[in-house]
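Single-structure report; data block below.
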Amino acid sequence: MPKSLVFITLLACLFLSVVGGAFVTYLEMFPRILKSSDSAGSAVPQDSLSGALSLLGRNHPALVSSMQKPEFDTAEGVLRYDETRTWDGYTLIATAANNSSILLIDMDGETKYQWPVPEELLQSADPGFGAGELASLSPPTIDAQLVDNGDLLLAVNTMAASTNGGGIGRIDRMGHLLWLYQGPVRENFTITQNGSIYALLRVEHTQPWRGLEHIPTPFYDDELLVLDSSGAELQRVSVLEAMQNSPFLYLLQYADPARNGGELLHTSSVSVLNAQQAALLPGAAENDVLLSLRQLDVIAIMDPLTRVIKWAARGSWHLQSDAYVLDNGNILVFDSNGDLANGGTSRVLEIDPVTLAITWEFPADTGESLLGSDSSGVQRLPNGNTLVADAGGARILEVTSAGNIVWEYRLPQTDSVKPGRGRSRVASARRYSIDAPGFLVNSSEMSP
Amino acid sequence: MNRWFFTLIIAVLVLGISAGSALIRFDLPLSNSLRGAFDAGKTVTSDGFEIKSDIHTLGAKPSGPYDFISPPVRDMDPGVAVFDADNVQPGYTLYTPFFFGNTIRLVDMFGISLHEWSIPRDAYIGERQDGFDLGDSSLPMVSIAHVYPNGDLLIVFSHGREKQPWGYGMAKIDKDSRLLWTYLKQVHHGLDVMPDGKIIAMVHTLRAEHRPGLEWVTTPFQDDFVAILSPEGEELSRVSVLEAIQNSAWASLLMYADPDAYEGDLLHLNSARYLDSEQAAHIPGAAEGDLLISLRNLDVVAVMNLNESSIKWAARGPWHMQHDAQMLANGNLLIFDNRGDSYRGGASRILEVDPQTLGIQWRYPTASDDPLYTVVCGSVQRLANGNTLISETNNGRILEVTRSGEIVWDYRIPERYITKGGELVSKAWHAERIDPAALPFLSTAN
């Protein structure tokens, strides 16, 4: 055999095999090798200030001016209380401040219990965090829920100051950390009947996403994170992958990661549908999750098992922070910037998911105004009232269905907030029934 | 030698496959070209819903001039494909084939021409009122036509070039296509005729200077105006939509504007319709004589008052890049929603929306396999019997659907042309069903 023929044959084999190898890998016929960018912990530090600004959404003057902090006002504590119309109970409040703590107050605003936030939850890979100007500009945001015996579940989001740090954990009433899942979590989470925890993890991708190469890198995807009651990871589902597996991928046309610090979706809330709720939503099933995709102005239903988006709606809301399904099948939304008649301020909407009609709205024309942000939230109470955590206004409102404020609580001034900069924000608020915190009765201890 | 050769080949194969695999896995150089080649293969073999695959690649791309390229002919045969004579709203259909701009056609239910008009040359040459210079002008294209009982025709035409702003002018011609008057400012999209005969036109112009309060917008940018013309084509007044927004409680609408929008097209006003007292009563804050406007690039429908130069009401809803917003007698809004159908991968749909709650009262199509998609333009008309006439602009198709979503008339316009890319169809920008009794000129002429 002539040497040249041998050479050409070898060259041909090499070419064919390279293309063939590339092709089968492209088709994912080989077991998938984990790419470094697939893991959540590999986020590279980004400029922290731009990260903080990105939380404001698009930085247009029209928007920013509508989000100015309220004027300094010395009134604090319970400012309104109409006992005949409230749904009385205890309110669990997480504040967004440097020395964050979780408060349980009664209807008179008296602190019945207080938990510190363990350092481990606040710790960050960024050594600069926790001190100085930047940290006070961008305190962590926290969601807290009472579990039992005075234990709390906490999700701490420190991403405003750093791309790393934060996590979700359980503390006892003395503030001891029982377990911790460390990672860049969003502050919103849900506890199911069987005690598992549904949270949201922000995951950075530095490589182009297959099939969506036009998304500039690095960008952030969000993953649904399911933990069991002891904090062990049960499941992670990429929201972007679920979009790609569905006809709703086109919703990415509303994304603008380049202008929003790499945030593609900014999934801002998660809740799990029970059978009754699922029956009232188009195409939904029990244990599907309702997600708020803040950057897209979209509310979506995802099936975590098949990893598919099953339903999605975009409506009159803008940069909404919280969305969950009520037992009547409607969706309650904290619409952070959609109140166009009031300078793009915040409002609470109750939406019929079939027609997208607004069936209830606050403040509407009551003359009140809400200055929400991404950590604001809403809770429908058993008597039909609505508890509103107005993060930017540093206050919590209980509103009747007729739009009357029957309870208003404003956070006290804290040392950590510099004079003139206003109060620490309300990071989350939840109302519990009078009987729920049973540990208070059996315990003489106050704050540890 | 043979054994060595065989071993060598195996070794080369193993090495090669690993190298190729690594190329893709670790995104090494060349991997993108290979992916491109594989993707190309996939496109050829996939037999999916054409619209979907198109939208899946849209991503976050802004709209641009490529939107104006006609798609290949989707429905092969020109002419009337469906005609359910018992259920249609009988009448004649006036439509504007956008890429055959010199002819506007009035057809019967069989698609047979009853009358045709063309743009007379003197409608688009001569001195312009706004100094806008197009050099040697190409043939303008008509986007909308309004016919009067005597056969006079009001037309809005564009220069049809990839140059912003793309409006060209308005003209009135008689039934024999002789020019009556022109209004040569950059008029675009549609028009409306008020009860007293005055004409509502939309004009866009470039602004080179920053506007106070809008310093964040890159210059030059486009502003949209509503101009009121006398029935003889004289401009009576002109109001800036941007100013009206800034002058009102609805200034926050501008937070949806993209400061780097395609060629500074911040608002993209694409319809302006007169509200009578009955229609206005259904919208909070609106009054007779206000205009219902559609601002495509904000996904906003609004009510504008011309005297106060302000916005009285606005809504942003589940629609995206909408066209042809109008008020129905039943108090609902009718909207051509170009890209908002969440059930069909962002394809087009027609929405009937309650302006008080923004709830969707009716939509077409409801079946996921009913094709309706046009990236640009699109027109819609509610007919006397409750049916809806739709112009699916990009696919050159005009259809009439019932309340329950059945197609009772489906007309594929015959204006087509052959290019290197295959047979392309002209756009059917606008279609209107007209009662023959309103067109007496047809019987007197023939």
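Below, chain A is the first sequence line, B the second, and so on; all start at residue 1. Both backbone and side-chain heavy atoms feed into the values below; hydrogens, waters and symmetry mates do not. Source: prediction; values computed, not measured.
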Thr345(A) side chain vs Ser369(A) backbone, donor-acceptor pair below 3.5 Å: no
Segment of Trp311(A) engaging chain B (4.5 angstrom heavy-atom cut-off): side chain
Check: Tyr254(A) ring centre within less than 6.0 Å of His320(B) ring centre: yes
Part of Ala312(A) within contact of chain B (heavy atom distance under 4.5 Å): backbone
Ring geometry between Trp362(B) and Tyr364(B) (parallel below 30°, tilted from 30 to 60°, perpendicular above 60°): parallel
Side chain, backbone, both or neither of Asp341(B) within contact of chain A (heavy atoms, under 4.5 Å): backbone
Ring geometry between His323(B) and His268(B) (parallel below 30°, tilted from 30 to 60°, perpendicular above 60°): perpendicular
Chain B interface, residue from Leu340(A), Asp339(A), Leu356(A) that has the most non-hydrogen pairs under 4.5 Å: Leu340(A)
Any donor-acceptor pair under 3.5 Å from Thr357(B) side chain to Ala357(A) backbone: no
Interface residue of largest heavy-atom contact number with chain A, from Asp354(B), Val217(B), Asp299(B), under 4.5 Å: Asp299(B)
Chain A contact via Trp313(B) - side chain, backbone, both or neither, heavy atoms under 4.5 Å: neither
